[in-house]
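Basis for what follows: all heavy atoms, side chains included, without hydrogens, waters or symmetry-related copies. Labels below follow one simple rule: chain letters A, B, ... track the order of the sequence lines, proteins then strands, and each chain is numbered from 1.
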There are 4 protein chains.
Amino acid sequence: MQSGTRTFIEEARRSQIVACAIEVIATLGYANASLSRIAKLAKVSTGVISYHFGGKDELIQAVVAEVAGIATELMTPRIVSQATAADALRVYIEANLEFMRLHPKPLLALVEIVTHSRASDGGPGPYAAQHEIAIADLEKVLAWGRRTGEFRDFDLRTMALAIRGAIDAVPAQIAIFPDLDIDHLARELTVLFTLATRK
Amino acid sequence: MQSGTRTFIEEARRSQIVACAIEVIATLGYANASLSRIAKLAKVSTGVISYHFGGKDELIQAVVAEVAGIATELMTPRIVSQATAADALRVYIEANLEFMRLHPKPLLALVEIVTHSRASDGGPGPYAAQHEIAIADLEKVLAWGRRTGEFRDFDLRTMALAIRGAIDAVPAQIAIFPDLDIDHLARELTVLFTLATRK
Amino acid sequence: MQSGTRTFIEEARRSQIVACAIEVIATLGYANASLSRIAKLAKVSTGVISYHFGGKDELIQAVVAEVAGIATELMTPRIVSQATAADALRVYIEANLEFMRLHPKPLLALVEIVTHSRASDGGPGPYAAQHEIAIADLEKVLAWGRRTGEFRDFDLRTMALAIRGAIDAVPAQIAIFPDLDIDHLARELTVLFTLATRK
Amino acid sequence: MQSGTRTFIEEARRSQIVACAIEVIATLGYANASLSRIAKLAKVSTGVISYHFGGKDELIQAVVAEVAGIATELMTPRIVSQATAADALRVYIEANLEFMRLHPKPLLALVEIVTHSRASDGGPGPYAAQHEIAIADLEKVLAWGRRTGEFRDFDLRTMALAIRGAIDAVPAQIAIFPDLDIDHLARELTVLFTLATRK
DNA sequence: GATGAATGAGATTTCATTCAT
DNA sequence: TATGAATGAAATCTCATTCAT
């Protein structure tokens, strides 16, 4: 169903449910996020979720789209407005971690979903694509720096995996140590990957 | 029960079941790894698993112990025998990725377990400790380099998280792209973190 | 959940399931009363029971509450309206046995639950409290007679245990000998305990 | 298999297992007394129990026979050696409670079995016969007193049920209140039933 | 649109029993 | 005789989904 075809109420319900799904996934983990628990938090019957989303897969997909959308929206402008690729990479890392600091749950939920989801036959799972998109976006920044000669001659994909790997490890740390100093982490990571990428 | 008190047959069965558990977890993912599927692969009834391991938790614990044991055994000597911390770090990364290349499934299973385990109330889960151990081990190598003056003045834990984050991202990539050139990946990562850590 | 917050249909289902649980427990015994059998008699799936009661414990608790409630409601007014404690004791026994004659299964189920419940570590079990309540209620009647001087100087608790022991032995007899003359039994027991308690 | 055809070792094993079964039943309750737990306490494999007893039913039967045998052996002489039926009844109660005080577990186990056992179709269960025997034995004492004119004109079976019901309620009380003053209980019960039976 | 009710599958665990050694 | 290993059934519980109202 296209977004344009939905009524205002329909959209409101969807948003509410997605928000509760984020809360539950971030709090209890992807494996413990059943429709019952999400419905209970939303003070809604489980049937509503199936009604609005067709099924759990679609709800999760909506969560991914929502969070990725917000994240992209918030972060992309800051990144692409930088004058140099090195600045863009630095801001990429800072923006990701700032987002975690400001809205830890959406990003924690997103990482939970993206890293945990697997099809029942073991295949990549329906949300692996999102991860691939994130990697690809990051590769673009790195390719920019390579093109301009700011960055040394590294493998784009490997570097992108390492950067995302480091960033994606953070939410789990936050879950364990809620008082984690994220700004400190951001500074350390920017220095780390600046040194790792510069010529 | 101590290992010494177990029969030869008991040990054989346990090993077989652990091997099947690794296979299933690596292939289908932690969330899809039910006792039924593990038992089916092992061509035994599910009761056998409870008989030999008491329960699922203990089986998973056995998998963790097995793989972590092998990995430590194979990697630690190579790492500690290095003359410099920089070499040790390089070998740490190389050894991890070589292990993935030689035995992709055990390490994929281990990473699945360690990163996915969460208590039903959302708490850290019983295997988070293993991750903490891995981080701590890595911190020791980094601390060594800091002590000898080989490494620059970075935050030990952040650097350890980044390195493990990058390494832990690899199994998922292998699952999606089985033909991944792991040696290439290893070379890139060693260069990356050498530049990131050196003075 | 308060009774008032439940739907009419919800209440009907609960009542039906409780009734089936009583039937099964009374007919097959507490140990043989599985959710499957109760569900089968109710012609619903086992999940329905968990849905309405959360779990087996809660269902059993509901049975206890239901039967104890009915029994108390039917018997207490008759007992307390007596002029003397001796009459009250006589009516206590008569009312209990009449209840057994009119509704043998609920009381048989109650006695099965109350006398058979044990925690898995051998502890008193969650329904032992109900037995204690029954004993305490009986002790009150006995204390009344002691206060008024109608009764001799016996130990309250021992007498209460003996009376309840005698009454609680009846359902099992009914199960074995369905044609048991309960009125005859009631007359004999009232005489017995009248002689045992009077001054 | 007749007792006479069993070897000494065979008998020793059976006794040991029966003793452990008593311990487990008395401690954990009939419902929680699995062969595994009995075997574990006996430091023996579960197969041994099936080997020596054919199955669980036969083991329980052996427990019943053993305890009932001991109890009868210890109590019957004391009872029948009394000069009057009133004394015999008094000694019957005293002997039962003294047995509980000296060897609480065997009798607790016996009562657990006799009162809890039910066939899977809800029928009387294979050990109800033992209860019937106990009732019948008690009826003989009561009949004696009726014959001699010591006792009033009560219904034999009802009185027997009441007495056994009172006695059988004691083990459960001991389980809940281990410090119960059994001698006190015995004195109270003998007075109670003396008054209830005398002319 | 929304709800509560119900289903049926699947998960883990425990149990009595059997069997090869 | 005895053991440890294995089975298969049964039990409880949870889940995603469907459906009548």
Side-chain angles (χ1 to χ4, degrees), chain A residues 6-7 9-10 12-13 31-39 42-60 120, chain B residues 6-10 12-14 31-39 42-59 120, chain C residues 6-10 12-14 31-39 42-59 120, chain D residues 7 9-10 12-13 31-39 42-59 120:
Chain A
R6 297 199 196 100
T7 68
I9 290 182
E10 163 94 6
R13 262 275 180 267
N32 298 321
S34 70
L35 289 189
S36 304
R37 280 197 253 247
I38 294 168
K43 284 169 187 162
V44 137
S45 85
T46 63
V48 179
I49 298 179
S50 295
Y51 176 80
H52 283 290
F53 293 93
K56 191 179 188 183
D57 286 354
E58 238 182 90
L59 168 61
I60 302 297
S120 66
Chain B
R6 297 201 196 100
T7 319
F8 172 77
I9 291 181
E10 162 92 6
R13 257 281 179 268
R14 282 177 65 100
N32 298 321
S34 71
L35 289 188
S36 301
R37 279 201 248 239
I38 295 169
K43 285 172 185 159
V44 295
S45 77
T46 61
V48 175
I49 299 180
S50 293
Y51 175 77
H52 285 289
F53 292 92
K56 188 178 188 181
D57 287 354
E58 239 182 88
L59 169 61
S120 64
Chain C
R6 297 201 196 100
T7 320
F8 173 76
I9 291 182
E10 162 93 5
R13 257 280 181 267
R14 283 177 63 101
N32 298 321
S34 70
L35 290 187
S36 300
R37 279 201 249 240
I38 295 169
K43 287 173 185 159
V44 295
S45 77
T46 59
V48 176
I49 299 179
S50 293
Y51 175 78
H52 285 289
F53 292 92
K56 189 178 189 181
D57 287 353
E58 240 182 87
L59 169 61
S120 64
Chain D
T7 68
I9 290 182
E10 163 93 5
R13 262 275 181 269
N32 298 321
S34 70
L35 288 190
S36 304
R37 281 197 252 248
I38 295 169
K43 284 172 187 160
V44 139
S45 85
T46 63
V48 178
I49 298 179
S50 294
Y51 176 81
H52 283 291
F53 293 93
K56 190 178 189 183
D57 286 353
E58 237 181 272
L59 167 62
S120 65

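Between B:Leu35 and B:Lys56, the shortest heavy-atom contact is CD2-CG, 3.9 Å. The minimum heavy-atom distance between B:Arg14 and B:His52, with the atom names listed, is NH1-O, 3.0 Å. Closest of all the heavy-atom pairs between D:Ser120 and C:Asn32 is CA-ND2, 3.5 Å.
Distances shown here put a side-chain N or O of D:Arg37 below 4.0 Å from the OP1 or OP2 atom of E:dC15. An OP1 or OP2 oxygen of E:dA2 is reached within less than 4.0 angstrom by no side-chain nitrogen or oxygen of A:Ser45. At the phosphate of E:dG4, neither OP1 nor OP2 sits under 4.0 Å from any side-chain N or O atom of C:His52.
Residue order along DNA chain F, read from the 5' end via each residue's closest nucleotide, puts C:Ser36 first among A:Leu35 and C:Ser36. Between C:Gly54 and D:Ile9, the one whose closest nucleotide on DNA chain F sits nearer the 5' end is D:Ile9. Residue A:Tyr51 is the one, among A:Tyr51 and D:Gly47, whose nearest nucleotide of DNA chain E lies closer to the 5' end (criterion: closest heavy atom).
Taking a heavy-atom distance under 4.0 Å as the criterion, the stretch of DNA chain F touched by chain D extends 5' to 3' from F:dT1 to F:dA5.
For the atom pair CD1 (C:Ile49) and CG (C:Leu59), the distance works out to 6.0 Å, reported to the nearest 0.5 Å. In this structure, OG on A:Ser36 lies 10.0 Å from OH on C:Tyr51, to the nearest 0.5 angstrom. One distance of note links OG1 of D:Thr46 with CD1 of D:Ile38; it measures 11.0 Å at 0.5 Å rounding.
In this structure, D:Ile38 atom CD1 and E:dT14 atom P are separated by 17 Å, rounded to whole Å. Per the geometry, CG belonging to B:Leu59 stands 10 Å off P belonging to E:dT12, to the nearest Å. Here the P atom of nucleotide E:dT12 and the CD1 atom of B:Ile49 are 9 Å apart, to the nearest Å. One can place NZ of B:Lys56 at 12 Å from C1' of E:dG10, the figure rounded to the nearest angstrom.
Every side-chain hydrogen bond (donor to acceptor under 3.5 Å, both in side chains) that B:Arg13 has, sequence neighbours left out, goes to B:Gln16.
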Watson-Crick or G-U pairs under 3.5 Å in DNA chain E, rendered as dot-bracket with [ ] for crossing pairs and | for another strand: .||||||||||||||||||||

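Within 4.0 Å of D:Ser50, counting heavy atoms only, lies at least one base atom of the nucleic acid.
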